[in-house]
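Excluded from the calculations below are hydrogen atoms, water molecules and symmetry mates; all remaining heavy atoms, backbone and side chain alike, are included. In the text below, chain A, chain B and the rest are named by the order of the sequence lines, each starting its count at 1.
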Amino acid sequence: MTIQYWRIRDRYYRLIGSKCQNCGDEFFPPVYRCRGCGSEKIKDKEMPKTGKILTYTQLHEPLPGFEAQAPYYLAVVRLSNGARVLSQVVDSPAEKVRTGAKVSATVRRVRVDGDSGQIVYGYKFVVS
Amino acid sequence: MAKSKAYVSSVGFTRVGDHWERSILDLAVEASRKALAGTRVRPQLIVVGNMFSSVGSGQEHLGAMLASALGLSGVAAYKVEAACSSGATAFNVAFNLVRSHAVDSALVVGVEKMRDLEPEEVSQALSMAESAEYTQFVGATFASLNGLLARYYMEKEGVTRDELSAIPVLDHLNAVSAEHAQFRKAISPEVVGRSSMVADPLRLFDCAPVGDGAAAALVVGDGGASRTKKGLMEVMGAKVSTAEFSMYERDDMLDFRATRAAFEGAVKDSGVPRKKIDALEIHDAFSVVGALSLEAMGFSKRGMGAKDAKAGKFSRGSEIPINTFGGLKARGHPVGATGMYQIAEAYMQLTDSAGKNQVEGAEHVLTQNVGGVDTTSAVHVFGRAA
């Protein structure tokens, strides 16, 4: 997935999502069309880096490429601007990974890609 | 579009489970031959429902491949893909072409070969139903999305572990007497609650198993119906609907909007009042998905799907039994084939060929087949042929 990853690296490093130029709603992942008002006047916008956990899970059977990290936490995070992000939650004690917990975004190594060993970076969240 | 009547005039299927010795084509041919046996109808169209033959078998172009294997080269043939709802979505295409007179008859085959893959490869293949760039990228499996949903459901609606276990328990009980089911063994809620953790709070027995299988149906219009000797089931209504692609993008994650719209559309299309539906085959790929599906279709109030199941509302012998041959959890879930197993099971119910699993006096059966976390939903309403 080298090219696929390179193409949208800014979205992974800086949480670049979308802002509707009509109603102001913000989204991550980015959208082609506003889910609130339907406008197609959409521009890139860097997302805020803090939010709260809406729901979480601890995954015991990982996706290939993530074996070394298992078991790991995943959460749906509601950012302070209302956008919802699916992300890993890392570097946080188990008793703090809870619904409603405040989290902040950070950049971490996501995985090492294939035999070529390309290191893929992206966003993860930490309980703050 | 001028609509006329359309029927399922026969079905065929393999047992669901491990078919180590057989290829994806072997399975599709067996189901097709059983559906075509004894009929003089030569289908004008073959539609194959399948999710990931490219990954599972290194094979695409299934339509022409099956047509050739069946000696039907010359007919139109192609594959329809909509993740785990590929089977019923393929059926929907064929049904609409038959009832609009584009073709007189069609063979629909749902098929999936999963067991040639290692478990982690199956996980990777299923994750293709979700966004590669934002869901797979963070290491989320399909099961983990349902784990997120299950925790949200339990916390928001006050659902207990035992209540969540009720649909898997019901499924396993119904599958004991289902010859084609993958797991024909009754289980207790304790077995579900003690099984290994997959994506907290979902455990192994909350999740449908991995298996191979194929199920087929012959769809005919009025012309074909007169040339068949087997029992007929009328296809009364149909609707496929979609929702915002990823579950976490939705304002209300517990509202299965695709299923709600597909259900309302199919029921309206059928002209059958909701109260006259006698049995449901629902898409319980995960226990939480079964519960939320019942709520979206209005058979349970919000937050009550799992609780109603625990109270026996959907058990065999109740007013509205579900998953009469074991559902996805126990009959099995060969993903692209599942919707066609549901339709074959509706056919058995409505032609009095369901054996020990017969729902006495069933006049109408509804099937609901979902792709993604209720991202695509295909609902059909069936009735006895007049």
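- Residue A:T55 holds its OG1 atom at 6.0 Å from CZ of B:R151, rounded to the nearest 0.5 Å.
- Separation of atoms CG (B:L202) and NE2 (A:H60) is listed at 11.0 Å; rounding is to 0.5 Å.
- Atom OH of residue B:Y134 and atom OG of residue A:S87 lie 13.5 Å apart, to the nearest 0.5 angstrom.
- With a 4.5 Å cut-off on side-chain heavy atoms, B:S123 and A:L63 count as touching.
- Residue A:F27 does not touch chain B at all, counting heavy-atom pairs closer than 4.5 Å.
- Considering all non-hydrogen atoms of both residues, B:F137 and A:R111 come closest at O-NH1, 4.2 Å.
- Note on A:R84 versus B:D251: salt bridge recorded, some NZ/NE/NH1/NH2 to OD/OE distance being below 4.0 Å.
- Side-chain contact between A:Y12 and B:E133: present, with at least one pair of heavy atoms (C-beta onward) separated by less than 4.5 Å.
- The part of A:V110 that comes within reach of chain B is its side chain, from C-beta onward, which places non-hydrogen atoms under 4.5 angstrom from that chain.
- Looking at A:Q58 and B:S144, their side chains never come closer than 4.5 Å, going by heavy atoms from C-beta outward.
- Sparse packing is recorded around NZ of B:K156, with 12 or fewer heavy atoms of other residues, nucleotides or ligands lying under 6.0 Å away.
- Only the side chain of A:I8 comes within contact range of chain B, judged by heavy atoms closer than 4.5 Å.
- In B:K239, the NZ atom is not crowded: 12 or fewer heavy atoms of neighbouring residues, nucleotides or ligands sit closer than 6.0 Å.
- Proximity to chain A is limited to the side chain of B:E155, based on heavy atoms less than 4.5 angstrom apart.
- The side-chain heavy atoms of B:F245 and A:P29, taken from C-beta on, include no pair separated by under 4.5 Å.
- The minimum heavy-atom distance between B:V138 and A:Y72, with the atom names listed, is O-CE1, 4.4 Å.
- A distance of 6.5 Å separates CG in B:L148 from CG in A:L86, rounded to the nearest 0.5 Å.
- Of all heavy-atom pairs between A:L74 and B:A140, the closest is CD1-CA, 3.7 Å.
- Of the two parts of A:A75, only the backbone, made up of N, CA, C and O, holds a non-hydrogen atom closer than 4.5 Å to a non-hydrogen atom of chain B.
- Taking each heavy atom of A:L54 and B:Y152 in turn, the nearest pair found is O-CD1, 3.5 Å.
- Nearest heavy atoms, A:L59 versus B:A199: CD1-CB, 4.0 Å.
- B:T141 and A:P62 make their closest contact through CG2-C, 3.9 Å (heavy atoms, listed as atom of the first residue, atom of the second, distance).
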I'd like a table of donor-acceptor pairs (distance under 3.5 Å, sequence neighbours excluded) in which one partner is a side-chain atom from residues 120-128 of chain A, with atom names and distances.
from	atom 1	to	atom 2	distance (Å)
A:K124	NZ	A:Q69	OE1	3.3
A:K124	NZ	A:R109	O	3.1
A:S128	OG	A:K102	O	3.1

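- Within 6.0 Å of the CZ atom in B:R161, the count of heavy atoms belonging to other residues, nucleotides or ligands exceeds 12.
- Taking chain B as the reference chain and counting heavy-atom pairs below 4.5 Å, the highest number among A:R78, A:R7, A:R35 is found for A:R35.
- Between chain B and the residues A:V31, A:V76, A:T57, the largest count of heavy-atom pairs under 4.5 Å involves A:T57.
- Taking 4.5 Å as the heavy-atom cut-off, the residues of residues 189-198 of chain B that approach chain A are B:M197, B:V198, ordered by number.
- Heavy atoms closer than 4.5 Å to chain A are found in the side chain of B:L145, but not in its backbone.
- Heavy-atom distances place both the backbone and the side chain of B:T135 under 4.5 Å from chain A.
- Using a 4.5 Å cut-off between heavy atoms, B:S127 contacts chain A through its side chain alone, with no backbone atom that close.
- Interface remark: A:Y73 contributes no atoms to any contact with chain B (heavy atom separation under 4.5 Å).
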